[in-house]
Amino acid sequence: MKILIPITYFAPQGGFRVLSELANHWIKLGHDVEFLVYKRSSGPAFPTTAKLTWYDNEGKIILQNDVNHKPPRLRIFSILLALKRAINTSSYDIILATQSLTAFPVYFSKRCDKKYYYIQAYEPEYYQTNSASSVLLKCLSKLSYKIKLLRIVNSPLYFDYKQIKANKFVFPGIDFTKFKPQPKTTDKKFIIGCIGRIEPFKGTAYVLEAYSKLKNDSGLDIELHIAFGDRALESIEGVKVIRIKNDDELAKYYNSVNVIIAPGTIQLGAVHYPVIEAMACKTPVITTGYYPANADNAWIVPIKNSDSIVEAVKYIIDDPDSVNRKIEEGYSQIQEFDWNIVSKKMLAYFDSN
């Protein structure tokens, strides 16, 4: 099959890792995969063996990208119109939209009958300001779920979630050759870890609150190591911001901490990379309820509740037997995220329609 994945810009978020890995595995299985990307984008943040094709403001195919390429006057609307034109320059067996905005040019393109929309999150909840652009993007995201594309979601949570209706799902995957248990630190300090995204719905503020409360407990010797966090946080005693360049360094980070906290406040029940990656490294997980975390393999806490995080951390410190039971249970349950399984499941959906 010849598979096209049109996007506007590559970004370092987990959703783009999913696209790179799916493409890599489909290519290993003998398929042709191409990313069609706006010329101003940088290259992929996650390595891919897929073909990279670039398009300019008029939708013409360009040999390479140029991050200094002058954007069109109407920005996103012109870029999406150009994307539709670029899609129509060739023929494909499958076109896969993967973001709400790209769903529109995919739907209106004419070069393929098999058009899919892989929904990795409910995007409207990411636009939480009242700016004109945020309101517009939120409305377009909601509208994208009404477009008549064949929908595949990345978790059963989205089968019937607000505007999203679907009956097929494909999990994001894990590279178990990278995310695996390594010898843990023997340092006497107890190290708390979290992914320090700045968006309020990520819940990092509640980890900081919990850490402050734990730090004031004279019986604990702890540090907080925040991956991808703001350097300004290092002004707090015992807080270290960890810069991560690639998946190997990320796996090393998960293995360097005593617990990972995933405290997000929205779309609970969705798959969350910090949860499954930590489980793959046999690192204990405290979370507000992201799949596949449950009471048997993790510590579930209410959203926006730093006191519950404090209690869970103390439990982990005081009861190593429970920790061992839960991390082993989690490790056994995440085998379903193997990329070989995930990529073949998506191909099976492509073949079935």
Side-chain angles (χ1 to χ4, degrees), residues 1-28 31-112 115-121 123 126 133 136-137 140-141 144 172 175 197 228 243-250 273 339 343:
M1 283 188 290
K2 187 176 181 182
I3 303 169
L4 179 71
I5 306 175
I7 64 174
T8 51
Y9 292 87
F10 284 116
Q13 283 87 23
F16 289 91
R17 178 206 276 135
V18 172
L19 302 183
S20 287
E21 289 289 352
L22 284 173
N24 294 342
H25 282 76
W26 292 338
I27 290 168
K28 288 179 183 177
H31 302 282
D32 294 326
V33 185
E34 175 183 343
F35 282 102
L36 180 59
V37 194
Y38 181 48
K39 185 177 178 180
R40 272 177 61 89
S41 173
S42 59
F46 303 96
T48 180
T49 54
K51 179 182 178 182
L52 301 180
T53 300
W54 312 90
Y55 67 93
D56 65 10
N57 294 339
E58 286 74 45
K60 295 178 182 178
I61 300 302
I62 304 298
L63 293 179
Q64 73 181 78
N65 63 326
D66 178 5
V67 295
N68 297 314
H69 185 60
K70 186 177 179 180
R73 290 182 60 189
L74 295 178
R75 288 277 179 157
I76 191 62
F77 291 106
S78 296
I79 292 172
L80 294 177
L81 179 59
L83 177 55
K84 189 198 81 168
R85 291 171 178 162
I87 293 172
N88 286 335
T89 62
S90 188
S91 297
Y92 308 91
D93 300 306
I94 300 289
I95 304 179
L96 183 65
T98 58
Q99 298 164 291
S100 59
L101 292 179
T102 62
F104 296 98
V106 168
Y107 175 73
F108 288 109
S109 65
K110 300 177 181 178
R111 287 289 185 171
C112 177
K115 302 174 185 177
Y116 290 82
Y117 184 6
Y118 184 40
I119 300 170
Q120 300 194 64
E123 291 184 36
Y126 294 162
S133 60
L136 175 61
L137 290 171
L140 288 173
S141 293
S144 76
D175 184 346
R197 301 297 188 190
F228 306 104
R243 286 284 175 258
I244 307 291
K245 296 179 181 178
N246 51 50
D247 280 352
D248 290 324
E249 292 187 3
L250 184 57
Y273 258 120
W339 276 117
S343 60

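The residues of the chain are indexed from 1 along the displayed sequence. Only heavy atoms go into these numbers, but all of them, side chains included; no hydrogens, no water, no symmetry mates.
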Between Thr49 and Asn24, do the side chains contain a donor N or O and an acceptor N or O under 3.5 Å apart?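 Note: Asn24 and Thr49 side chains meet the donor-acceptor criterion.
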For Gln120, check side chain to side chain donor-acceptor pair (under 3.5 Å) against everything at least two apart and list the hits.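 Counting only residues at least two positions away or on another chain, Gln120 forms no side chain to side chain donor-acceptor pair (under 3.5 Å).
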Would you say that Leu137 contacts Leu101 through its side chain, given a criterion of any heavy-atom pair below 4.5 Å between the two side chains?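 Yes, side chains in contact.
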Can you confirm whether Phe10 sits close enough to Asn65 that some side-chain heavy atom of one is under 4.5 Å from a side-chain heavy atom of the other?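 Not touching, per the 4.5 Å side-chain cut-off.
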Quick check on side-chain contact (heavy atoms from CB on, under 4.5 Å): which of Ile7, Leu52, Leu19 does Pro44 satisfy it with?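 Single pass found, and it is Leu52.
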Where do Ser144 and Ser100 land on the side chain to side chain donor-acceptor pair (under 3.5 Å) test, with the steps shown first? CA-CA 6 Å; Ser144 76; Ser100 59; 4.6 Å; no
Nearest heavy-atom neighbours spanning [X] and [Y]:
| X | Y | value |
| --- | --- | --- |
| Pro72 | Asn57 | CD-OD1, 3.3 Å |
| Ile94 | Met1 | CG1-SD, 3.9 Å |
| Gln13 | Phe46 | O-CE1, 3.2 Å |

Look up atom [atom1] in [X] and atom [atom2] in [Y], then write down how far apart they are to the nearest 0.5 Å.
| X | Y | atom1 | atom2 | value |
| --- | --- | --- | --- | --- |
| Lys84 | Phe108 | NZ | CZ | 8.0 Å |
| Leu96 | Cys112 | CG | SG | 10.5 Å |
| Lys39 | Ile62 | NZ | CD1 | 5.0 Å |
| Arg17 | Asp247 | CZ | CG | 4.0 Å |
| Leu22 | Trp339 | CG | CH2 | 4.5 Å |

Trace of the side chain to side chain contact (heavy atoms under 4.5 Å, CB included) decision for Tyr273 with Val18: CA-CA 10 Å; Tyr273 258 120; Val18 172; 3.4 Å; yes
Using the six-membered ring wherever Trp is involved, compare the ring planes of Tyr38 and Tyr55 and label them parallel, tilted or perpendicular (cut-offs 30° and 60°).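 It falls in the tilted class, 30° to 60°.
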For Tyr107, does its backbone N or O pair with a side-chain atom of Lys115 as donor and acceptor, under 3.5 Å?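 Flag set: sc Lys115 to bb Tyr107 pair under 3.5 Å.
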